[in-house]
K.L.:
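What follows is a structure written as structure tokens; I'll ask about it next.
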Amino acid sequence: MAISVGFVFLVLQNYTISRIPAYMRGMLDEITGANRLPVILNNIKLALLFTALTVISMYAMRKLIIGVSRKIEFQLRSDIFAKFLRLDAMFFRFRETGDLVSRSTNDLNDVRTLLGPGMMYVPNSLSRIALFLPIMFSLSPRLMVWVIALITVVVVMIVFLMPLLRVRFRQVQEASAAIHARVWQDISGIETIKLHTLEKVETDRFAKLNQWYIGKQMDLVRYRGFMWPFFVFVFSLAELLILVVGGHQVISGAMTIGQLLQFNILVSYLTFPILSLGWVMSLIQQGISAMGRISEILDAPEENHEDKKDIPDGELAVKVRGLSFCYPKSKEMVLKNISMDIQEGETVGITGPIGCGKSTLAELLIGILQAKPGMISINGMDISEVSATRLGNHVTLVPQDPFLFTRTIAENIALGETAPEPEAVLSAAKKAGLEKDLAAFPKGINEMVGERGITLSGGQKQRVAIARALYRPASLLVLDDALSSVDSRTEAKILQALSGEKQERAVVIISHRISALKNADRIYVLDEGRVMESGTHVELIGKDGLYRKLAQLQQMEGEAVSEQNEGKA
Amino acid sequence: MKTPDKKKRLFKRLIPTLRKHVRLAVLSVLLMILVDLAGVLKPWLMKTGIDRFVRRGDIPGLTRIGLILAAVLIAGFLLQVIFTITVQYLGQRLLFDLRMELFQKLMRLPASYFDKTPLGKTLTHITSDVEAIREFISDGIVTVTGDILKILFIAAAMVMLSPRLALAAFLTLPVFVIATGIFRKSIRSGFRDVRKANSDINTVLTETIGGAREIQLFQTKEERAAAFEVCNHSYLSAYLRVIQAYALYFPVLEIVSNGGMILILLTAHFFMGTALEPGVIFAFFAYINMFFFPLRQMAEKFNLFQAAMAATERVFHLLDQPEQISEVAVPAEFPETGKLEIQFQNVTFGYDPAQPILKNVSFEILAGEKVAFVGATGSGKTTVIKLINRLYDIGDGKILINGREIRELPARSLRKRIATIPQDPFLFTGSIADNISLHRPGISDSDIRLAAEKSRASHFIETLPNRFDEAILESGKRLSAGQRQLLAFTRALTSEPELVILDEATANIDSESEHLIEAAVEEITRERTAIIIAHRLSTIRRVDRIFVFHKGKLVESGTHEELLQKNGLYCRFLPEKE
Ligand SMILES: Nc1ncnc2c1ncn2[C@@H]1O[C@H](COP(=O)(O)OP(=O)(O)O)[C@@H](O)[C@H]1O
Ligand SMILES: Nc1ncnc2c1ncn2[C@@H]1O[C@H](COP(=O)(O)OP(=O)(O)O)[C@@H](O)[C@H]1O
Ligand SMILES: [Mg+2]
Ligand SMILES: [Mg+2]
């Protein structure tokens, strides 16, 4: 709506602009002729009137059209963000953060420029040409034909030559993105760089990258630096034509000198709109390819919430049947035909060598990775039919590498709640064994966590994540190696707190430590994506399998300690 | 408010960078002057053509002047091409220098800087802020110098053609100056808010993408959306204000230039009348156009300049950051021994000096000795490791390495002798092989393979489709945590350190794999000083001495047996017995 009004003003503006030079001609012809004051004043009056109209319509045009483009940008940005929130975590697993951020900022800006200036300048140039041509024709058909020929040549060149820039533009963008990514990496890994004294190596690599970037830039500059002045040059030939062709006409009496002036002013009013077409062309190209990159986000498949169901209430019963899983774009099956059961009140242990698929299994159980229909069900409902948000009310995970937000510890625990109950937060922190650590922080539970948790020790990070999970009333709690950085004493305490919670929920503990597993009701031992054996600690110790081997390796320590203690006693 | 003084100071600091390219800069300005002269010549030729030849009906003369004009147009075009390329090249060289300077600074900044500064902020300095400065210098300083010269040339040409008409044309200048002043002021605050909202948007975006899993798991979507809504809105409203300012400013320019033309004609009417040479009017109209064009461009670039000012300030702020820890002027030579000896004497340290994390810690690790650090999480074990690597400087006390105070030693040659395998290893985007070699020269493919064999990382690497060339995505999010630790361990095996530190390096590794890499641990620590932080007894037991940390203090130390006898804190940390 606003935009069509904007276009009305755009045409009006060009109309009023087209009228003004006529009064300048009137004045010049009067001065060189009879030179009467009233005639001059009359011309001035009209020129001022049309200037006033130009001013008003120009203001309205800019405000409306550019304003709308900003509003569209706003909307688009909201849409992208909303999409990020709807996409499942899997989407992010295969993409770089920097790339996604750049799409939703830089690319969005390119689209905005296409919608704003891009949408304003094209109709502006076209309507101006359309309105000016009849006037120029009435002044001198011959000159007009010449000028039209020039305009055509310039426009054709713009349309055909500008696309040559596109490839070079893209290369510059790629180079620039590479620099961005490299710096991001180097700052994130700065400690590694320092510890391995890679400063020099990295500086040299960065210099090489920058050199490459300059090369790409200069490639672009050479083309642009030639093309743009060339367009200007071709169009400026109009001045030459006005002087020579127009001069002839004035001499032959076909034109007055005032008419030549009018023609000259009209052409100068055309210069910018015509030449800006070149710039607009590149905006359009950039905008379109940016829109393509944004669409990749907006069109990414997401789960359909409409016909998703909820998990029925009742005693928790998780059934995993013939679960197999393969990461997209990978051929190897990570999990093969896994079956297991988890009942309310149970503690289930999972163990196995690194890379055997424990974390994958955990993420499948809580729906971050999607299992095929018929493989996992909770309370009889297949989880592929449950929406992620609803599933989140029933299951939760303490991931192996938890992400902490740059907020207070309390806010990190009560994630997403605006006004959490302090007691509930504190009690979750207590259960996670954070109590003593909190006492050491100046602001206790309200201590700010540094970016991605850098100001916390590894174990503290893990325990904040545990508290976060315990804070939720979810009935299935999965701990993915969540105690690895915690000393055995704290581990024992947390496990005890967890077993106190057992009545209301089931707990899955993934761990390498026998001490964390041995009290579980059932332990599954995975190897290369398969369940090799399962049973209680005692049963598994009795078998001659992987579990016993692991236990023996760790037992040696335990026994050693016992012996020592006995010896001492 | 930016005082001119501050501007001058910022500008002064850019000079050394500029000076390196003084020839290019001078060349650019010279070219610019020639381009300007060609531009100013055109209307003059037009005037001559009309008054001397058209009005007298001299057709051969008209053809002659036409040819001259054509020559000037061509010369102007060629000069413009050379100028553009030169000035852009200058800009790129400057960008390169600035960026490298910043990057090198980054490499020298202490760890504490990165603790305090959000990653995104530093990233902006090296990417967009330097771009803004480049634009400021190449589009800004050079173009503005050229524009100012051009304005002077035009003014001179106008005065030479007709002082009276020139005066009439200049009458509109005050209106322009006042309008521009108001415009500048209103966009300044507008753009400031835009930048602020923009950086907020970036922060929320980055966190939302990084924490996508947590957001899904804990259903914090509404809250995130609300936070985003706020900054998105303030971005929009700030921009709408800027648009308002531009929408008002451009029409004013129209008034100024039309007003100028009318004033010129009016003056011609009163003072010249029929004696007027009409060619002069042609030239004046062209000059008015040319006169306001650069002024208008400068107004459009205010935003750019202002952003560049802010960027320059931020960049210099970064360059002014205190560097790595108080390095003494001439660091002592590093004593060659082959084995490191470490001594802590009453060391007190806190990341925030007001909040000591380590309190009065003293110990000695002899050359070739193997010790274990034991203690609850958060007791300060990793902090001690960071101090030994001199990532931070201590508050009180002394750290001696081979008898020399740590401050007197060059940090880099100290770290070269230490191999630290950290708790949460960082993986770079790149191939597996690059992550092991870290691009260090002198590490061959066979070294990489050998190290991977020893660490048993080759076991999983062989299963990857591209093996050692397999690409690692952002911080290795496609590898399991244990696999990441194995890679970090492999890294350490490629060097020949004198001190080996394992900071819970096997926490995410299962016992069997751990058992398998034991040989590698054995090998890398053999004949070397070693510090091992672990919660598992199997690892701890093999060391010569054990240090028990508790709440930032070293509370017990001794051999396993001695500590058991003591029946102190150490016994409480041992894995539970049946
Ligand atoms: N996003 C992913 N894409 C492809 N492969 C993956 C991805 N994440 C993990 N893997 C691979 O899947 C296997 C199992 O990983 P994971 O479940 O994390 O093992 P773990 O048992 O150590 O927790 C590993 O070989 C790992 O490299
Ligand atoms: N970069 C940092 N900034 C501020 N505090 C930190 C930082 N790193 C660690 N801490 C704090 O120092 C204490 C000791 O941490 P750390 O040495 O990592 O313990 P650990 O014994 O588990 O290795 C913890 O309370 C932690 O919160
Ligand atoms: Mg795992
Ligand atoms: Mg630690």
Side-chain angles (χ1 to χ4, degrees), chain A residues 27 31 35 40 51 55 58-59 62-63 66 70 74 81 85 89 92 96-97 100-101 180 183 185 187 189 192 195 197 199 201 206 210 214 217 221 225-226 229 233 240 243-244 247 250-251 257 353-355 389 392 400 403 415-416 437 457-460 484 487-488 512 550 553 557 562 564, chain B residues 49 54 57 62 66 69 77 80-81 84-85 88 92 96 103 107 119 126-127 205 209 211-214 216 218-221 223 228 236 239 243 247 251 258 265 268-269 273 278 376-378 412 415-416 420 423 426 428 439 460 474 480-482 507-508 510-511 515 535 537-538 564 575 577:
Chain A
M27 282 190 262
I31 293 171
N35 200 20
I40 301 263
T51 304
V55 162
M58 196 183 252
Y59 170 75
R62 282 198 155 259
K63 195 149 171 152
I66 308 276
R70 285 288 172 196
F74 170 83
F81 193 77
L85 292 180
F92 299 97
E96 307 261 329
T97 314
L100 290 176
V101 172
H180 204 275
V183 177
Q185 285 276 309
I187 303 175
T192 309
L195 291 179
T197 58
E199 291 93 339
V201 177
F206 191 63
N210 269 305
I214 290 197
Q217 273 283 9
V221 163
F226 176 80
F233 165 69
L240 187 63
L243 178 63
V244 178
V250 172
I251 292 171
I257 195 87
I354 51 173
T389 4
Q400 201 159 19
F403 184 94
L415 210 55
D437 304 74
S457 81
Q460 286 168 340
S484 61
D487 55 289
S488 17
H512 296 303
L550 295 177
L553 286 167
E557 336 172 341
S562 313
Q564 301 258 340
Chain B
V54 173
L62 185 60
L69 182 57
F77 158 62
Q80 181 72 48
V81 172
T84 311
I85 294 176
Q88 290 296 330
Q92 292 301 328
F96 182 85
F103 190 84
M107 293 288 117
L119 193 160
I126 304 199
T127 54
L205 265 178
I209 295 170
R213 182 185 54 196
E214 270 67 8
Q216 179 177 334
F218 296 98
Q219 298 137 32
T220 70
K221 299 187 177 179
E223 181 239 350
F228 190 73
L236 177 64
Y239 245 120
I243 290 172
N258 286 359
L265 285 169
H269 160 74
T377 57
R412 272 167 50 83
R415 289 182 202 142
K416 269 212 172 93
T420 307
Q423 208 164 356
F426 181 84
F428 294 91
H439 300 279
F460 86 85
E474 191 171 336
S480 87
N508 293 311
D510 60 289
S511 306
H515 185 64
H535 298 301
L537 199 59
S538 56
L564 279 179
K577 292 136 264 170

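Just so it is clear: chains get the letters A, B, ... in the order the sequence lines come, proteins before strands, and each one is counted from 1.
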K.L.:
Looking at residues at least two apart in the chain, or sitting in another chain, which of them share a ring-ring contact (aromatic ring centres under 6.0 Å, His included) with A/Phe206?
P.N.:
B/Phe103
K.L.:
If I compare all heavy atoms of A/Gln460 with all of B/Gly378, which pair ends up nearest, and what's the gap?
P.N.:
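Heavy atoms of A/Gln460 and B/Gly378 come nearest at NE2-CA, 3.9 Å.
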K.L.:
Does any backbone or side-chain atom of A/Asp437 lie under 4.5 Å from a heavy atom of chain B? Answer side chain, backbone, both or neither.
P.N.:
side chain
K.L.:
With sequence neighbours excluded, tell me which residues meet ring-ring contact (aromatic ring centres under 6.0 Å, His included) with A/Phe74.
P.N.:
B/His233
K.L.:
B/Leu62 versus A/Ile251: any side-chain heavy-atom pair under 4.5 Å?
P.N.:
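The answer is yes; the side chains approach within 4.5 Å.
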K.L.:
Can you give me the closest heavy-atom contact between B/Gln92 and A/Ile214, atom names plus distance?
P.N.:
O-CD1, 3.5 Å
K.L.:
Measure the spacing between CZ of A/Arg70 and CD1 of B/Ile243 and express it to the nearest 0.5 Å.
P.N.:
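Atom-to-atom, A/Arg70:CZ and B/Ile243:CD1 are 6.0 Å apart.
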K.L.:
What part of B/Leu236 is in contact with chain A, defined as an atom under 4.5 angstrom from a non-hydrogen atom: side chain, backbone, both or neither?
P.N.:
side chain
K.L.:
Can you confirm whether B/Gln80 sits close enough to A/Phe233 that some side-chain heavy atom of one is under 4.5 Å from a side-chain heavy atom of the other?
P.N.:
no
K.L.:
Just verifying a value: how many Å separate A/Phe226 CZ and B/Thr84 OG1, rounded to the nearest 0.5 Å?
P.N.:
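Atom-to-atom, A/Phe226:CZ and B/Thr84:OG1 are 11.5 Å apart.
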K.L.:
With chain A as the partner, which of B/Ile209, B/Asn258, B/Val81 has the greatest number of non-hydrogen pairs under 4.5 Å?
P.N.:
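Between B/Ile209, B/Asn258, B/Val81, the count favours B/Ile209.
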K.L.:
Less than 4.5 Å to any heavy atom of chain B: does that hold for the side chain of A/Val183, its backbone, both, or neither?
P.N.:
both
K.L.:
Give the minimum heavy-atom separation between A/Ile31 and B/Ala268, together with the two atoms involved.
P.N.:
CD1-CB, 4.0 Å
K.L.:
Could you check which of A/Ile66, A/Leu85, A/Val55 has the highest count of heavy-atom pairs closer than 4.5 Å to chain B?
P.N.:
A/Leu85
K.L.:
Could you report the tightest heavy-atom contact between B/His439 and A/Val201, atom names first, then the distance?
P.N.:
O-CG1, 3.3 Å
K.L.:
Where is the tightest heavy-atom contact between B/Pro251 and A/Tyr59, given as atom of each residue plus distance?
P.N.:
CG-N, 3.9 Å
K.L.:
Where on A/Glu199 is there a heavy atom nearer than 4.5 Å to chain B: the side chain, the backbone, both, or neither?
P.N.:
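For A/Glu199, backbone and side chain are both near chain B.
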K.L.:
Given a strict heavy-atom distance threshold of 4.5 Å, which part of B/Ile126 is in contact with chain A: side chain, backbone, both, or neither?
P.N.:
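Contact with chain A is through the side chain of B/Ile126 alone.
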K.L.:
At their closest point, which heavy atom of A/Gly225 faces which heavy atom of B/Ile85, and how far apart are they?
P.N.:
CA-CG1, 4.5 Å
